Amino acid sequence: MAAFVRETQTVYCTRKNEGLKDVDLDIMTEKRMRYYDSKSPRRRIKLTAPRQADLNNRYAWEYFRRLVHFNFGPNDFHLTVTYSDENLPESMDSAMKDARRLVRNAKKYYKSVGVKFEYILVPSYASNKKGEPIRIHFHLIARGGVNRDMLEDLWRSPAKGGRNGSKGEKLGFTNCDRIQTFKSGMAALCYYLKKQKQEGTSRRWYASLGLKKPFKYTPRDDKYSISELKSIIAENADTPNVSFWEKQYPGWTLQDDRTNAYSCISNEFGTHVRVMLRQLTDKEKLERIRSIPIRSIPIRSIPKKKTKSKDVEVE
């Protein structure tokens, strides 16, 4: 079996005029095909601990980016909550109790106004020289349709006097913004959360049940040849060739974050090309149709119908 290029398309947003998908191109060799098609347990590739951690982290944040785009969009919220100096938690476990209480209170508030509560909670912190977490704070991506001030007011300590007592004191600074989708706003938010310092064994994020999961189309093995892939890598080395990708995938273009919309990785495991595409808006489609030059089409002369001559009798 000769080597070939496998194309995989992953869709993670299906809203009108906001469709998003990633196109991955990988060179598949006979050895890799035996590995992926084998019914026996797959052979594990031994990597060093730091390298394996980096690989797992990259895969996790790729899935996180797709999950955010698929489930949240315009008019949804990004809530940041921090601690004041007098309310700093003693440990990460103590901070997670506050975060879970925030989620429970938000769920009750959303239910009271008749809005379904869907969220992704991202803990963020750094570690000191002793390995202890410091500067703990949380990011909450939540469904919109509620009062932002009320959502910010939920970041409090336990209520005094039990459930029916007065509100607890505010734990620190809170800020709730609407998620911006224009000019790669969603991608910028995901990149910002990815940069948040993440150490230790805690989970990278916590999400509500029922979120839509990204899906993949059946891989194609006949769209690109290896020579075509090499020319693609050469043409897109400096800057992504937007017109080329629009021609390959009609109705789609590179995502607005052009610096991250195209990437190419070559190592001992193979060559991997990723292109991040978004669906063209109706306005962009109309502009592209108008830019197509109108060619003069020769008008063929319509042949005249033959009429049978009638004999006229002359007296």
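Everything quoted here is computed from the prediction, not taken from an experiment.
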- Task: Look at the rings of Tyr262 and Trp245 and say which category their plane angle falls in: under 30° parallel, 30 to 60° tilted, over 60° perpendicular.
- Result: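 Answer is tilted, since the angle falls between 30° and 60°.
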- Task: Would you please classify the geometry between the Phe117 ring and the Tyr110 ring as parallel, tilted or perpendicular, with 30° and 60° separating the classes?
- Result: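 Rings of Tyr110 and Phe117: tilted, 30 to 60°.
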Looking at [Y], is its backbone amide N or carbonyl O close enough to the side chain of [X] to form a donor-acceptor pair, meaning the two atoms are under 3.5 Å apart?
X	Y	result
Glu235	Ile232	no
Asn87	Tyr83	no
Asp76	Gly73	yes
Glu228	Ser225	yes

- Carefully, step by step, assess Tyr12 and Arg65 under the rule side chain to side chain donor-acceptor pair (under 3.5 Å). CA-CA 9 Å; Tyr12 51 95; Arg65 173 179 61 86; 2.8 Å; yes
- Task: Check whether NZ of the Lys or CZ of the Arg Lys21 lies under 6.0 Å from the centre of the six-membered ring of Trp252 and within 45 degrees of that ring's axis.
- Result: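 The answer is yes; both the distance and angle limits are met.
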- Task: Would you check, one step at a time, whether the test ring-ring contact (aromatic ring centres under 6.0 Å, His included) holds for His137 with Phe173?
- Result: CA-CA 10 Å; His137 59 285; Phe173 171 79; over 10 Å; no
- Query: Looking only at heavy atoms, which two atoms of Asn236 and Asn241 are closest? And how far apart?
  - Reply: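 Minimum heavy-atom separation between Asn236 and Asn241: OD1-N, 2.7 Å.
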- Query: Which pair of heavy atoms, one from Glu152 and one from Lys170, lies closest together, and at what distance?
  - Reply: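 Distance-wise, the nearest heavy atoms are O-NZ, 3.6 Å.
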- Query: Of Val275, Leu254, Val23, which meets side-chain contact (heavy atoms from CB on, under 4.5 Å) against Tyr249?
  - Reply: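 When Val275, Leu254, Val23 are each tested with Tyr249, the side-chain contact (heavy atoms from CB on, under 4.5 Å) holds only for Val23.
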- Atom pair CD (Glu169) and OG (Ser157), whose distance is rounded to the nearest 0.5 Å: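 Here the interatomic distance stands at 4.5 Å.
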- Query: Only one of Asp221, Asp222, Asp26 forms a side chain to side chain donor-acceptor pair (under 3.5 Å) with Arg6, so which one is it?
  - Reply: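 Single side chain to side chain donor-acceptor pair (under 3.5 Å) partner of Arg6 among Asp221, Asp222, Asp26: Asp221.
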